[in-house]
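Report on one structure; see the data block that follows.
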Amino acid sequence: MRVLVAGGAGYIGSVVTAALLQGGHEVTVLDDLSTGHADAVPSGAGLVQATLHDSAPVLADVRPEAVLHFAAKSLVGESQVKPEIYWDTNVTGTLALLEAMRAVDCRRIVFSSTAATYGEPESVPIREDAPTRPTNTYGASKLAVDAMLTSYAAAHDFAAVSLRYFNVAGAAYGLGERHTTETHLIPIALQVAAGTREALTIYGEDYPTPDGTCIRDYIHVADLADAHLLALTAPAAGEHRIYNLGNGTGFSVQQVVDAVREVTGHPVPVVVGQRRAGDPAQLVASSDRIRADLGWTPKHTELPDIVRDAWETARARR
Ligand code: UFG
């Protein structure tokens with residue numbers, strides 16, 4: 001299939017681009033390179049530097065049969081202090097992309113949604129029919145796009161899938177996390193193990209969990225990529241499907257730190273700090289729906305394996 005990958009120079013978008021190329025698809029990446037890296041775009045894919053707002057001429061030129069949409073601002077903390085950036089890029093930027101798709105009669109899309117659309121869960125594991133009450137602007141902006149896709153499917157015959165990612169980690173095809181502003185636990189812990197950062201601050205150890213630290217559902221980026229390829233052809237015209245993507249197993253911050261020490265063989269000094277605002281104690285996905293509908297099965301569910309892939313890829317870059 002001829003596909004356009006919006007945000008294909010970022011961490012997840014670049015890995016999915018590599019998986020698409022391996023699957024025989026023809027790929028053009030659209031990315032404004034505001035947070036992505038041109039050298040992360042796998043050779044074999046074209047790269048056009050443009051924003052979502054300026055995507056119309058690119059789609060007119062490429063004439064894709066489907067779009068995979070990863071392009072977004074994704075820092076929860078920043079979204080609380082600069083909400084305008086999140087409404088502009090994530091919501092009106094996506095609206096521009098959907099209109100650019102309509103103009104070339106491309107109506108198939110896979111969208112990167114997030115666990116942050118649910119907010120503080122009433123119960124775990126979280127299913128897709130759980131209430132959506134985001135606690136930050138980032139989650140609210142992604143939820144707005146999910147609603148947009150529901151209405152574009154109903155009114156304009158779009159075939160759409162929203163994939164709600166939980167905590168994506170690991171590396172594949174030599175591509176891993178490389179954020180200028182790093183806020184995620186595993187890459188930070190690996191930087192400490194590598195000696196490029198002094199210590200890891202654990203944000204609170206007084207949560208109602210077995211060891212007092214927060215529990216998250218870490219999903220390997222390669223398993224996430226598999227889900228995108230399955231989702232690409234799944235919906236019929238007029239259908240918008242929503243799927244959670246997680247391992248279904250939660251790991252605590254302390255367990256992640258232990259795994260990083262074990263895999264790297266290096267000390268990881270930790271400091272226990274205050275809770276981070278807006279962090280729920282536990283976020284674990286029920287991914288039963290995508291397993292049942294699309295036959296998706298995560299293959300890399302062990303924490304040390306996820307951490308090892310991230311470590312080896314980061315080390316190869318140093
Ligand atoms: N943590 C620390 N120290 C750090 C960084 C993180 O203790 O230096 C803890 C956090 O408090 C949290 C866990 O590690 O308990 C994971 O934190 P991340 O920042 O790695 O990931 P989040 O769970 O906060 O965020 C993820 C996605 C977001 C998404 C969110 C949904 O990365 O995009 O889940 O709530 F919005």
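Counting starts at 1 for both ligands and their atoms, following the listed order. When reading the values below, keep in mind they use all heavy atoms of this one structure, side chains included, and skip hydrogens, waters and symmetry mates. Predicted model only: the values in this text are computed from it and were never measured.
Looking only at atom types and distance, the side chain of H53 has a donor-acceptor partner in the side chain of D88 under 3.5 Å away. Between the side chains of Y118 and R164, at least one donor N or O lies within less than 3.5 Å of an accepting N or O.
E312 is linked by a side-chain contact (heavy atoms from CB on, under 4.5 Å) to R308, R315, counting only residues two or more places apart in sequence or in another chain. Scored by the side chain to side chain donor-acceptor pair (under 3.5 Å) test, E65 finds no partners at all (sequence neighbours excluded). Applying the side chain to side chain donor-acceptor pair (under 3.5 Å) criterion to N90, with sequence neighbours excluded, gives S141.
The side-chain tip of R216 does not point at the ring of F251 from less than 6.0 angstrom away and within 45° of straight on.
For ligand 1, the 4.0 Å heavy-atom shell contains residues V76, T114, A116, Y138, N167, T183, H184, L185, I188, L200, T201, I202, Y203, C214, R216, Y218, V253, R276, D279, L283.
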